[in-house]
J.: 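Okay, here's the structure, questions in a sec.
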Amino acid sequence: MFTRRPIAVVLILGIVASCLAGPAWAETPAAELYKAYFLERETRDYAAARKLYQSALRQDLAVEAKRSAKAGADRCRDHLAAQNFATLMPPDAVVYADISRPGEILEKLCGMLGLTTEDMQGILAQRPSAEAKGPINVPSQVAISPSVFEYLRAFGGAGIALTSFDPEGGKAPTGVMVIHHGDVALLKGLLETAFQFAPTAEKISDMPTFGSELPEVGKVCGVLTECLLIVGTGRDMVEGVVSRLAGDAPSLASRDDLQELMKQRTGATLFAFCDIQGVLKIAKEKMGERDRREFDIANGLADLDSFRWASFSMGIHEGTLGAHFAVRLADDHRSMAYNLMRLPPMTRKCLESVPANAAGFIGLGLNPALVNAAVDTAKKHQNGKQGVTGFDIGREFFGNIQELCAFVVPGESKGDGGHIPSGGIVLSVNDPARSKALWDQLLSIPGIVEGHEPVRPEATKIGETEATAYALPKIGKVYLAEMDGCVVLTSTRPAMKACVQARTRQKNILNDEVMGKVIENMPADSSIMFAAHAGRVMEAGAAQGNPAMAMAAGQAKQMASKTVVWAGLGQSPNEMTLRVSVAGLPNVNDALRTYGPMINTFANMAIQKGQSQHETRVVQSNRSKKPVKKHEAEEEEESEDTVSRKPALD
């Protein structure tokens, strides 16, 4: 009996497949329903499935088939709308947030950690045999069953929009919320069951509707569709969502000033938006005279009237977990606060001198590249020799340095206590000769003034590059060199050698297999950039001289060999953005294969020891609690006397 069922299933599937492939597929309305259901459930092509459902509705169908086609078309409509909840929200929303398919980001995150599989039975087959007597088993490979992700993915998400709020908190905010239960049949069943007992109200578009008056909230209205629960503070809010669901009303997503933003949020699991002018308008209505004066002062400095919106999004794309925060201003804004804090984008020229094996770096742009005729003339008159004045210190940072980058490379640390890591600073400058002359003067001072005996700079050569070594008390020697328009200062000689090779042999971080790809994906408008390779950071930390730390860092280095964290701050003329990403998370199963046997041994030893101690305590407790009767004690004493008086046998 059981052997025939798979054969029957295969035959049925074969018949369905032949119907799908055959020309007779579009000839019958029932066949359209079958295909629509397949597209909806298996491929999640909701647009194509909805067209087939609607086509079937226009044909002659039985009552039950029409009911199924109508429900299917409504489900697909709800699924399509839930792909961007902003299409359902009022265009005048001042605050909006949504979460879309949260189960998918959990599945992607587990995939980044190596915890997903398509062969759960194969993993279970690796379990030890019955001869293994350990109380617990730490497997060499851990995976989360695909069935768990199937149920997690089923929940569609939710979106909420506020159209008004009371800054003083005296009144409840007004807005609407949409919950998409997706394919969670249990949640849908609970909502449909509970809706029977909800307070009745006039139906909206012939949908199940409820209405109620809640204390401290006011009127609340709600509608239940095939896949959505819509609840709003007022009937007009819910009617607006239903109209937008039908596709005949403007929405938050259709606003012209938000089109670029809506494209950026595609694929984000979590998204939030704030209409800054809408919030300011509400806040101004509650301001007193004193508050208005303070607002006018802030507005004069920051030009708050030119701020348009702020947004936040987070998701996983192509194996990278990322977050994006942005603030948009008007194109013609006059915000002195923003303009004064703006930095030019990095040209990344200084990164060409950062070694390929750098554990991490932080860089920022300071000044744009300049062509200064006066500087060129001065160079000719001075025959390449640069004089230095006190004003050159300010001029260096506020005119000469285009961008700077500080980096750390694995290697022995130095200084008293080993607190100075091996690394350096690269300066991309407009006038390298003037910069080198300035830093030569500044770095010469500590060795002459603070040491027991004056130590003057020492000329040296690293590869084919001329460098200068300076003695710094409590630190040791540092090295300075000029390379192709950049001034490089390193804390160790090996770090300077690596910089020379980065520049002359192209062994720089831009060409690194791991870090190079990360830098390539950083936005071009980034004025501040940061990146760290977790494995190399551990290696650099192991050089601090602590044996315990070195051992732990060595193990962590192997696990985090591809883990990179990076951040970039972009400051365009009318938008500030902050992007943060993490990629290459450690693989949990790689760690289990290494440490699993040891964990199993110690865990089982601890459990067995605990069980043994528990059994001992139970026996001792039972002995102490057992009552001793008088006649039993007398019989025991008499028995002992009899044994003692009994003669020994030869």
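What's counted below: heavy atoms across the whole structure, side chains too, no hydrogens, waters or symmetry copies. In this text the structure is predicted, and so the values were computed from the model without any measurement.
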J.: Would you check, one step at a time, whether the test side-chain contact (heavy atoms from CB on, under 4.5 Å) holds for L245 with L228?
T.: CA-CA 10 Å; L245 185 63; L228 302 176; 4.0 Å; yes
J.: Can K517 and E513 be said to form a salt bridge (charged side-chain N to carboxylate O under 4.0 Å, His left out), step by step?
T.: CA-CA 7 Å; K517 295 178 180 178; E513 183 179 355; 5.4 Å; no
J.: Are any of the side-chain nitrogens in D275 or K281 under 4.0 Å away from the carboxylate oxygens of its partner?
T.: no
J.: Between R536 and E539 (salt bridge meaning N to carboxylate O under 4.0 Å), is one present in this structure?
T.: no
J.: For salt bridge (charged side-chain N to carboxylate O under 4.0 Å, His left out), just list the numbers for K219 and D236, CA-CA rounded to whole Å, side-chain angles, deciding distance to a tenth of an Å, and then say yes or no.
T.: CA-CA 11 Å; K219 292 183 179 180; D236 58 331; over 6 Å; no
J.: Does a donor on one side chain and an acceptor on the other come within less than 3.5 Å for D78 and T225?
T.: yes
J.: Could you tell me which non-hydrogen atom of Q571 sits nearest to which non-hydrogen atom of S527, and how far apart they are?
T.: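 Scanning both residues, the minimum pair turns out to be OE1-OG, 2.9 Å.
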J.: Test your reading of the model: is there a side-chain donor-acceptor pair from T209 to the backbone of I204, 3.5 Å cut-off?
T.: yes
J.: Will you find, in the side chains of T320 and S581, an N or O donor that is under 3.5 Å from an N or O acceptor?
T.: no
J.: For K188, check side-chain contact (heavy atoms from CB on, under 4.5 Å) against everything at least two apart and list the hits.
T.: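 H181, E192, E226.
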J.: If you apply the rule salt bridge (charged side-chain N to carboxylate O under 4.0 Å, His left out), what do you find for K66 with D60, and how did you get there?
T.: CA-CA 9 Å; K66 278 205 169 186; D60 187 16; over 6 Å; no
J.: Residues two or more places apart in sequence or in another chain: which of them pass ring pair (Phe, Tyr, Trp, His ring centres under 6.0 Å) with H79?
T.: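 Ring pair (Phe, Tyr, Trp, His ring centres under 6.0 Å) list for H79, sorted by chain: Y46, H180.
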J.: Do Q259 side-chain atoms and A253 backbone N/O form a donor-acceptor pair below 3.5 Å?
T.: yes
J.: For V94 versus S164, what's the shortest heavy-atom pair and its separation?
T.: CG2-N, 4.5 Å
J.: Does any N or O in the side chain of R244 come within less than 3.5 Å of the main-chain N or O of L88, such that one atom is a donor and the other an acceptor?
T.: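 Yes.
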J.: Evaluate F195 against F210 for ring pair (Phe, Tyr, Trp, His ring centres under 6.0 Å), listing each step before the verdict.
T.: CA-CA 8 Å; F195 220 89; F210 80 90; 5.5 Å; yes
J.: For Y53 and E40, which I'm curious about, is there any donor-acceptor pair between the side chains at under 3.5 Å?
T.: yes
J.: For G159, is there any backbone N or O sitting under 3.5 Å from a side-chain donor or acceptor partner on D98?
T.: no
J.: Could you note down all residue pairs passing salt bridge (charged side-chain N to carboxylate O under 4.0 Å, His left out) where residues 147-161 supplies at least one of them, sequence neighbours left out?
T.: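 Those involving residues 147-161 are E107-R153.
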